[in-house]
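Note on naming: letters A, B, ... go to the chains in the order of the sequence lines (proteins, then strands), and numbering restarts at 1 for each one.
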Amino acid sequence: MIWRWFSDRVLFYEGSTRGAAILRILLALLLWTRWGTDVAPFVDASPARLALAASFYLSTTGMLLGVYSRISTAWAAATVLAMVFWFGPNGVEPWTHHHTAILALSTALCALTPCGHSYSWDRWRALKRGTAPVERAPLWGMRLVGLHVSTVYFWTAWDKSFWGNISGDRLEMAMHTLYLGSDASTIPGFHTAMMLASVAVIALEYFFVVGLWVRRWQWWTFPLGFAMHAAFFILLPVGTFTATMFALYIAFVDADALHDWLDRMGGDT
Amino acid sequence: MPQKECVYYINWAICGLCALGSANEGFASISRYPALDVTESRPIPKLRLLTILAVGVYLQVGPVTHQALGMQKMPGFKTWRMYRGFGQDICRVRFYEQRPDGTRADIDRFEVLRTTRTEAPRYITFIPSEAQVARTGETLCRKLRRPADLRVDGDCGSMHTWRSMDRLEGVNLCTLDEPRFRALERR
């Protein structure tokens, strides 16, 4: 039974490729946002960093425009994975942070999707030749993107599941570090609010591990997830983490429903 | 520790529920198109299957070995421990003057230092450690320009909970000497 479910829903799962293409474009823009300035020649013009910059800009431009999409995406993934796992531990500490790793790994997983079948130079060229494929292909790579998101939610929730967090103390420390300074808070109910917020975040993260996959729940799980990540973005220094998670949610959207919706938005019937 | 064990078992219970949930309701409800029944008619794409399994395992190895099994972090694997240490370097304090008649008078450190919360150096507004609390106390003593019994109430952040400043409890900050500052800094 498990094998049948796995082969039907993962191994041979097919659908519209527009979601994967949108993910490719969003990730390329996020890569520029996170690393575009860091790798620029004016920051470091050593030969290794110049080679890195060339690789980064060429691959991500190809990825954004969809020029040999999967090759460009795989090349971009190799570049940013090298930044996270090689350059990072060897002197560029901010590149090792988890929000950068999520971005790099998502790019690698995007290369496993048919991300060039839609919204790409590849497709435009094929249309001109009259050989454009149907915008439908195996989407097991999108399942892996979803698994990646669920993994991140589960293990971050697991990591927070200790008394210091549940009691609200750790969030309180974060609020003092960012906003209140060393003055004891005079806000009534502050500690209780911190405790409730901490418990809510842990509960939501555990819930999203499964909740995001269930299509009939998505009308409320998606807004809840967006709201939680928006709060992180506004209140905490999370960098591109929020925008990356927003982009990755597309892996949970029904590919064909998204295709139809985009058609309707474009005026097609 | 019972609390820790409790959280541990709850986590595993949730893990089990997640697995059941995704198997029964998750993927099954995602696509409105009927599932392709191609397993009998099409050969299994071995490379695809291997890639899916390899990526699935890779994503779990880092967190399982480090977070669940307590092993060292492995290079090339992420553990998904995010913002774990963030916010530990902060103390929340209340400086006060202990008067001979036993009463306490709160001291506004910004007022004594003739600055404001926004203009003061970061280490005065966001005091990061017990040692810096003591240093701030010393500065306040100098600025008061009179013999004073300046004390501090408060606690500092840590990985788990607020930790009381036991070394400064009931201590007149105006009498601290250099060796004691150094001892605090070493902590």
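- Proximity to chain A is absent for every atom of Phe95(B), based on heavy atoms less than 4.5 angstrom apart.
- Looking only at heavy-atom pairs under 4.5 Å with chain A, the residue among Gln88(B), Arg122(B), Arg94(B), Arg109(B) that has the most is Arg109(B).
- There is no contact between Val133(B) and chain A, counting heavy-atom distances below 4.5 Å.
- For a residue to count as touching a neighbouring chain, one of its non-hydrogen atoms must lie under 4.5 Å from one of that chain's; by this rule Pro237(A) touches chain B with backbone and side chain alike.
- The parts of Pro63(B) that come within reach of chain A are both its backbone and its side chain, each placing non-hydrogen atoms under 4.5 angstrom from that chain.
- Counting only residues at least two apart or on different chains, the salt bridge (charged side-chain N to carboxylate O under 4.0 Å, His left out) pairs with a member in residues 68-86 of chain B are Asp159(A)-Arg81(B), Asp159(A)-Arg84(B).
- Atoms CG and CG, on Leu109(A) and Leu144(A) in that order, are 6.0 Å from each other to the nearest 0.5 Å.
- The greatest number of non-hydrogen atom pairs below 4.5 Å with chain B, out of Pro138(A), Gly141(A), Gly15(A), Ser167(A), is found for Pro138(A).
- Rounding to the nearest 0.5 Å gives a distance of 3.5 Å between CZ of Arg18(A) and NE2 of His259(A).
- Both the backbone and the side chain of Leu178(A) have a heavy atom closer than 4.5 Å to some heavy atom of chain B.
- A donor-acceptor pair is defined here as one N or O able to donate and one able to accept, closer than 3.5 Å; such a pair exists between the side chain of His98(A) and the backbone of Trp80(B).
- Taking the side chain as every heavy atom from C-beta outward, Tyr153(A) and Leu212(A) approach each other to under 4.5 Å.
- For chain B, no part of Phe207(A) is nearby; none of its heavy atoms comes within less than 4.5 Å.
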